[in-house]
Protein chains: 2
Amino acid sequence: MTDKQTRLLDAALELFANDGYNATSTSKVAKAAGVSEGLIFRHFGNKRGLLDALMAEAERKLATVLAPVLFATDPEATIGKAVELPFAIDPGEYDFWRLQYKLKWEKGYHHPQKMKPLLDKLCWAFSELGYSHPEQEAQLLSQVLEAIATEILRAGNPEEWRPYRTFLRWKYLG
Amino acid sequence: MTDKQTRLLDAALELFANDGYNATSTSKVAKAAGVSEGLIFRHFGNKRGLLDALMAEAERKLATVLAPVLFATDPEATIGKAVELPFAIDPGEYDFWRLQYKLKWEKGYHHPQKMKPLLDKLCWAFSELGYSHPEQEAQLLSQVLEAIATEILRAGNPEEWRPYRTFLRWKYLG
DNA sequence: CAATTTTAAGTGATTGCTTACTTATTTTTT
DNA sequence: AAAAAATAAGTAAGCAATCACTTAAAATTG
């Protein structure tokens, strides 16, 4: 991985995340990276290859973010860590995560069910805590957390959601 | 509003909703409408004018959908009608609503806070029912409903969410 | 070790094609 | 026949991708 390759990836991430994949031209990416346009196709084959290289990191990063929840041992800690998730995202990686959400709606990119492990763990936690509908409770909390994350990524305003975080902790952990 | 104008709007709605605004060319819209491309610019000025004409209906349609909630007189009915919202969308209008959500992520289209009236009404309902954090409860339910709607619009599978609807009714209305 | 060959990285001009949009002309309506 | 609606044939700019080519770094040889 040469210097210019990483500069291409950095530029592509920023532009894809902010303007969208389809709306970003390869010439823009090359110009932003300070590199010739042809280099994109030498190193990544085509425009989509550039996106794929970016997404290859996704699974690893998601696993890192979800780890505190998935490796929690008791149900209360599981839910507590889950509530922290939207606030645990490194602001330096907002571009990366915003790209994930944007791709949900971009053409020709099928969105896999990456949140299943989180859902399963939450289901276990609610079950342990005696909730009568653990599956649906897990679904609900997961939806709420994803909604918060989406808003934070779109507006970049994690501080505005702090009171809501407190509310969720009170609601679920007393 | 001539026949060919409505055919242009119909074609534009379907293509914009499925492929995205930026990813849809004016020539495709014209071809799908069975009409010459220049007609778009004669009637709507430019490509964006086509989108704006589509969005002009948005407020009216949203008001129609939200009416059962906003005009409910007691808090239980308010929440009950709110839970029905994602399932009350006419499948013939999925394209229209999917376009709304897609635009959230498309460049250069600022997303206004159209859900405020719903949020306020839910806040009132939770307050009436003695919830200690009505504002956050309203926020939470609103997020959940929007998440359901988003999924139904993306996958077109309202039936899969019926059990979840039952759960929400049980959770909020006993 | 130095000369030679091979491989990889990088460039930028150019490709055929698509884009949003315009202009001139024809058809339809009143 | 005048006005409006619609078309067909454009335009210039932008697109992803390819091209012949240069430079730099390894690898192979004598």
Side-chain angles (χ1 to χ4, degrees), chain A residues 1-58 95 99-100 102-110, chain B residues 1-58 95 99-100 102-110:
Chain A
M1 184 71 77
T2 69
D3 171 60
K4 305 215 171 185
Q5 280 182 61
T6 48
R7 282 168 63 189
L8 272 174
L9 287 174
D10 289 347
L13 175 57
E14 187 187 326
L15 289 167
F16 288 172
N18 291 319
D19 303 346
Y21 171 74
N22 286 314
T24 301
S25 69
T26 50
S27 71
K28 262 190 203 161
V29 174
K31 197 164 286 182
V35 146
S36 76
E37 192 179 355
L39 206 58
I40 291 174
F41 301 93
R42 169 160 300 275
H43 285 308
F44 303 99
N46 52 31
K47 187 187 175 187
R48 177 55 182 267
L50 197 54
L51 177 63
D52 290 341
L54 248 22
M55 302 304 291
E57 288 180 281
D95 274 350
L99 177 58
Q100 307 296 316
K102 255 201 167 103
L103 286 176
K104 267 196 191 181
W105 297 97
E106 294 251 8
K107 170 154 202 192
Y109 197 88
H110 181 251
Chain B
M1 183 72 73
T2 70
D3 170 60
K4 307 220 169 186
Q5 280 181 60
T6 46
R7 281 167 66 188
L8 273 173
L9 287 173
D10 289 348
L13 175 56
E14 186 187 327
L15 289 167
F16 289 172
N18 290 319
D19 303 346
Y21 171 74
N22 285 314
T24 300
S25 66
T26 49
S27 70
K28 262 190 204 161
V29 174
K31 195 165 288 182
V35 145
S36 77
E37 190 181 353
L39 209 56
I40 291 174
F41 302 92
R42 169 173 180 81
H43 286 308
F44 303 100
N46 52 30
K47 186 187 174 185
R48 177 55 183 264
L50 198 53
L51 178 63
D52 290 341
L54 248 21
M55 302 305 290
E57 288 180 283
D95 275 349
L99 177 57
Q100 307 295 317
K102 256 202 166 103
L103 286 176
K104 267 197 190 182
W105 296 97
E106 296 250 7
K107 170 151 207 194
Y109 198 88
H110 181 253

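Reminder, nothing fancy here: chain letters follow the sequence lines and each chain counts from 1.
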Taking side chain to side chain donor-acceptor pair (under 3.5 Å) as the test, write out the residues that go with [X], two or more places apart.
| X | result |
| --- | --- |
| B/Asn46 | none |
| A/Thr24 | none |
| A/Lys104 | A/Glu146 |
| A/Ser25 | A/Ser27 |

What's touching nucleotides 24-30 of chain C from the protein side, N or O pairs under 3.5 Å?
none

Tell me the interatomic distance from [X], atom [atom1], to [N], atom [atom2], rounded to whole angstroms.
| X | N | atom1 | atom2 | result |
| --- | --- | --- | --- | --- |
| A/Lys47 | C/dT18 | NZ | C1' | 13 Å |
| A/Asn22 | C/dT19 | CG | P | 12 Å |
| B/Asp19 | C/dT19 | CG | P | 12 Å |

Checklist entry - Pairs in or reaching into residues 1-14 of chain B: which pass salt bridge (Lys or Arg N to Asp or Glu O under 4.0 Å), with residues at least two apart or in two chains? => result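 Salt bridge (Lys or Arg N to Asp or Glu O under 4.0 Å) check on residues 1-14 of chain B returns B/Asp3-B/Arg7.
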
Next on the checklist: Filter on salt bridge (Lys or Arg N to Asp or Glu O under 4.0 Å), then keep only pairs touching residues 32-47 of chain A, sequence neighbours left out; what's left?
Outcome noted: none

Checklist outcome for this item: Applying salt bridge (charged side-chain N to carboxylate O under 4.0 Å, His left out) to A/Asp52 and not counting sequence neighbours gives A/Arg48

Checklist entry - Can you pull the ring pair (Phe, Tyr, Trp, His ring centres under 6.0 Å) pairs that have at least one residue in residues 14-46 of chain B, sequence neighbours excluded? => result B/Phe16-B/Tyr21

Dump every N/O contact between nucleotides 8-10 of chain C and the protein below 3.5 Å, one line per pair.
{"from": "C/dG10", "atom 1": "OP2", "to": "A/Thr2", "atom 2": "OG1", "distance (Å)": "3.3"}
{"from": "C/dG10", "atom 1": "OP2", "to": "A/His43", "atom 2": "NE2", "distance (Å)": "3.0"}
{"from": "C/dG10", "atom 1": "N7", "to": "A/Arg42", "atom 2": "NE", "distance (Å)": "3.1"}
{"from": "C/dG10", "atom 1": "O6", "to": "A/Arg42", "atom 2": "NH2", "distance (Å)": "3.2"}

Item to check | chain A footprint on DNA chain D, 5' to 3' - any atom under 4.0 Å from a heavy atom | outcome: D/dC15 to D/dT18

